[in-house]
Amino acid sequence: MHPLGDALYHLRLLGLMGKTTEADLVAAFEAGRISSEDWADMVNRCRACEGIGTCERWLAAHDKAEEAPGCCKNAKVLLRLRAEKEKVEA
């Protein structure tokens, strides 16, 4: 297991991934769909990821995407949050 990455950097990376996949993390938090603990878990999963270079390149190449890259440790959560957001907006 490699050391965890910088928390602030990974918080920003997670925010970019949420924006790119249209999973609004702030709105999900404000609506109670994720707790502060959920958000912290997401950041820590990102911090523990060994595919950060792949993630950075993927984000640089995508403004919008249907889902996060396969290497993303938060891909399932982001997809669920986007689906919940779309359901609320419908």
Side-chain angles (χ1 to χ4, degrees):
M1 180 184 223
H2 74 285
L4 294 177
D6 178 74
L8 185 55
Y9 176 78
H10 289 272
L11 175 63
R12 290 179 183 146
L13 201 61
L14 177 60
L16 285 171
M17 189 63 74
K19 181 179 177 185
T20 302
T21 60
E22 299 184 75
D24 189 337
L25 297 170
V26 173
F29 178 75
E30 290 173 348
R33 292 193 306 272
I34 59 172
S35 67
S36 55
E37 292 82 13
D38 295 330
W39 204 328
D41 288 344
M42 292 173 72
V43 171
N44 283 328
R45 278 193 296 274
C46 184
R47 291 177 67 204
C49 182
E50 295 181 17
I52 297 305
T54 301
C55 180
E56 291 167 337
R57 288 186 295 278
W58 186 89
L59 283 167
H62 295 84
D63 290 326
K64 298 285 183 212
E66 288 296 313
E67 57 187 49
C71 67
C72 180
K73 303 291 184 194
N74 290 302
K76 289 180 182 177
V77 175
L78 293 168
L79 190 61
R80 176 182 59 82
L81 292 174
R82 189 185 74 223
E84 289 172 357
K85 177 184 154 221
E86 290 172 352
K87 187 182 258 187
V88 169
E89 292 175 351

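Nothing fancy with the numbering, it's 1 onward along the sequence. These numbers were taken from a predicted model, which means no experiment stands behind them.
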Would you name the heavy atoms of Cys71 and Cys55 that are closest together and state the gap between them?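 Closest approach of Cys71 to Cys55: SG-N, 4.5 Å.
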
For Ala75 and Pro69, work out which heavy atoms get closest and say how close.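 That would be CB-O, 4.1 Å.
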
Under 3.5 Å, side chain of Arg57 to main-chain N/O of Gly53, donor-acceptor pair present? yes

Pairs meeting criterion salt bridge (Lys or Arg N to Asp or Glu O under 4.0 Å) with involvement of residues 58-74, two or more places apart: Glu66-Arg82

Can you list every pair that meets salt bridge (Lys or Arg N to Asp or Glu O under 4.0 Å) and has a residue in residues 20-37, with sequence neighbours left out? Arg33-Glu84

Between OG1 of Thr21 and CG of Leu79, what distance do you get to the nearest 0.5 Å? 8.0 Å

My understanding is that only residues two or more places apart in sequence, or in another chain, count here; which of them pass side-chain contact (heavy atoms from CB on, under 4.5 Å) with Asp41?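 Counting only residues at least two positions away or on another chain, Asp41 forms a side-chain contact (heavy atoms from CB on, under 4.5 Å) with Arg45.
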
Would you find more than 12 non-hydrogen atoms of other residues, nucleotides or ligands less than 6.0 Å from Lys85 atom NZ?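 More than 12 heavy atoms, drawn from other residues, nucleotides or ligands, come within 6.0 Å of this atom.
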
In the hydrophobic cluster built from side-chain contacts under 4.5 Å, what are the other members alongside Leu16? Leu8, Tyr9, Leu11, Leu13, Leu14, Met17, Leu25, Val26, Phe29, Ile34, Trp39, Met42, Val43, Ile52, Trp58, Leu59, Val77, Leu78, Leu81

